[in-house]
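Below, chain A is the first sequence line, B the second, and so on; all start at residue 1. In this text, all values refer to a predicted model and were calculated from it rather than measured experimentally. Side-chain atoms are counted along with the backbone in the values below, which use heavy atoms only and exclude waters and symmetry mates.
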Amino acid sequence: MPELPEVETTLRGVAPYLLGRRIVDVDVRERRLRWPVPKEIDALVGVTVKGASRRAKYLLFDVGRGTVILHLGMSGSLRVSDPDVEWRKHDQLGLRIDSGKELRFHDPRRFGCVLFCKGDPAKHKLIRDLGPEPFAEEFDANYLSAQAKGKKVAIKQLVMNSHVVVGVGNIYACEALFMAGIHPSRAAGRIGRVRLARLVAAIKEVLGQSIEQGGTTLRDFLREDGEPGYFKQSLRVYDREGEPCRECGATVKRIVQTGRSTFYCPKCQR
DNA sequence: AAAACTACCTGAGTGC
DNA sequence: TGCACTCAGGTAGTTT
């Protein structure tokens, strides 16, 4: 479910409840996430949360002695609730905060993870080889053309590769390619620099717009307060197979690329 | 080196 | 109602 805007929305939602607060209890009800939840998580009782940030789709909570690394996977979400609220099915763990609130990690498919990193999280195995953030200045037309040069891989796969740029998942890859007028199957190395510049701008724009609207609720994404995101109504091609293109009226097509659905307008995207 | 494929899971929806 | 099947927003790790 969650792509970068949903992760950013989650971060902004939970940070105020955590920053400067002490964890007073930890309740791990299911250790079998993507990787087993380590014992250091149980040992967080008594620590103070000093920072909350995001790198790619990883949420990072600085607790002084180390960093909690949390990924929502395909179906994860965080919710701030009152401790007496009944645990839902697939609520995998909860952190009681000294404010009286409880942060719960909910993840039906268990593709998410909750890990602990002792040293600099930037050096962590899951994080150290990631590409630039999409909003970083270094992610520009020069950079993307250098990455695309000589590559035969489809442009959609290139921008979804986290070693190239982070945070562009299936929905926003489709949307950005539509905005840039680029066919998702086009070989990355055969796209001119002007069009790549347009794609870079589109990625920044679509992610920014979605964050402003609280992310995209497609099927089940809910924010930390249980509210949906409102970007779905702004989707131009994603999940719109058979419907008319909002620009030209042509029928939106769906194809499958490396096992994932791609939606595009055959007239607007070449 | 690059590209393709596998694996990890549950739940919703569809067609019979 | 029930069963079989497909599909879903991610990504590390393995194979080709």
Side-chain angles (χ1 to χ4, degrees), chain A residues 1-10 29-37 54-59 69-78 88-92 105-115 124-131 134 146-177 184-190 203 206-207 210-211 213-223 228-242 254-263:
Chain A
M1 155 257 32
E3 294 198 34
L4 187 133
E6 292 73 46
V7 178
E8 180 68 26
T9 298
T10 298
R29 301 203 175 178
E30 178 56 83
R31 309 201 90 84
R32 297 172 304 165
L33 302 183
R34 173 148 202 195
W35 296 285
V37 177
R54 176 187 64 70
R55 172 73 175 106
K57 293 173 192 163
Y58 294 97
L59 292 171
I69 300 180
L70 190 152
H71 197 292
L72 300 173
M74 286 275 258
S75 59
S77 59
L78 286 176
R88 293 177 296 163
K89 192 177 183 184
H90 306 305
D91 276 348
Q92 317 290 20
F105 177 63
H106 179 82
D107 187 10
R109 290 174 74 180
R110 295 194 269 123
F111 284 1
C113 65
V114 181
L115 299 172
H124 190 277
K125 191 172 141 187
L126 292 172
I127 293 176
R128 67 185 176 210
D129 299 323
L130 293 173
Q147 288 290 323
K149 195 174 178 188
K151 300 240 174 90
K152 288 184 189 157
V153 69
I155 185 64
K156 184 192 178 216
Q157 275 126 261
L158 187 82
V159 299
M160 286 182 71
N161 181 342
S162 62
H163 299 289
V164 174
V165 59
V166 302
V168 184
N170 204 33
I171 296 179
Y172 300 108
C174 293
E175 293 298 301
L177 285 163
S185 306
R186 181 164 291 274
R190 299 194 50 229
I203 288 170
V206 73
L207 293 175
S210 183
I211 290 169
Q213 295 181 52
T216 302
T217 297
L218 214 48
R219 287 165 186 86
D220 54 11
F221 173 73
L222 295 177
R223 305 186 322 193
Y230 295 104
F231 195 69
K232 181 170 168 37
Q233 62 201 39
S234 307
L235 293 177
R236 294 147 175 96
V237 286
Y238 191 87
D239 211 20
R240 297 193 64 240
E241 180 183 16
R254 183 181 89 103
I255 54 173
V256 175
Q257 292 179 280
T258 58
R260 317 281 313 263
S261 289
T262 299
F263 300 86

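Taking atom P in both B/dC5 and C/dC7, the straight-line distance is 16 Å, to the nearest Å.
Here A/I155 contributes atom CD1 and A/R190 contributes atom CZ; the two are 12.5 Å apart, rounded to the nearest 0.5 Å.
Nearest heavy-atom pair, A/L70 versus A/F105, reported as atom, atom and distance to 0.1 Å: CD2-CE1, 4.0 Å. Taking all atoms of both residues into account, the shortest heavy-atom contact from A/S185 to A/A154 is O-CB, 3.8 Å. Across every non-hydrogen atom of A/L115 and A/P36, the tightest pair is CD2-O, 4.2 Å.
Rounded to whole Å, atom C1' of C/dG9 lies 10 Å from atom CG of A/D239. The nearest whole Å value for the distance from the CD atom in A/Q213 to the C1' atom in C/dG9 is 17 Å. Rounded to an integer number of Å, the gap from A/E241 CD to C/dA8 C1' is 15 Å. Protein atom NZ of A/K156 is 11 Å distant from nucleotide atom C1' of C/dG9, rounded to whole Å. Going from atom CZ of A/F111 over to atom P of C/dG9 covers 11 Å, rounded to whole Å. Atom CD1 in A/I255 sits about 17 Å away from atom C1' in C/dC7, given to the nearest Å. In this structure, A/E6 places its CD atom 9 Å from P of C/dG10, rounding to the nearest Å. Rounded to whole Å, the distance from NE2 on A/H90 to C1' on C/dA8 is 15 Å.
Applying the Watson-Crick and G-U wobble criteria (two distances, each under 3.5 Å), B/dC9 pairs with nothing in any strand. With a cut-off of 3.5 Å on both Watson-Crick or G-U wobble distances, the partner of C/dT15 is given as B/dA3.
Side-chain contact between A/E30 and A/D107 is absent, with no heavy-atom pair separated by less than 4.5 Å. Between A/H71 and A/L59 the shortest side-chain heavy-atom distance does not fall below 4.5 Å. Residues A/D239 and A/I171 fail the side-chain proximity criterion, which asks for heavy atoms closer than 4.5 Å. No side-chain heavy atom of A/K57 sits less than 4.5 Å from a side-chain heavy atom of A/P2. The side-chain heavy atoms of A/D91 and A/R29, taken from C-beta on, include no pair separated by under 4.5 Å.
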Generate the contact string for nucleotides 11-16 of chain C. Rules: B means base contact, S means sugar-phosphate contact only, - means no protein heavy atom under 4.0 Å.
BBS---
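A close approach under 4.0 Å does occur between a side-chain nitrogen or oxygen of A/Y238 and OP1 or OP2 of C/dG9.
Think of the region where chain A sits on DNA chain B: with heavy atoms and a 4.0 Å cut, that region ends 5' and 3' at B/dA2 to B/dG11.
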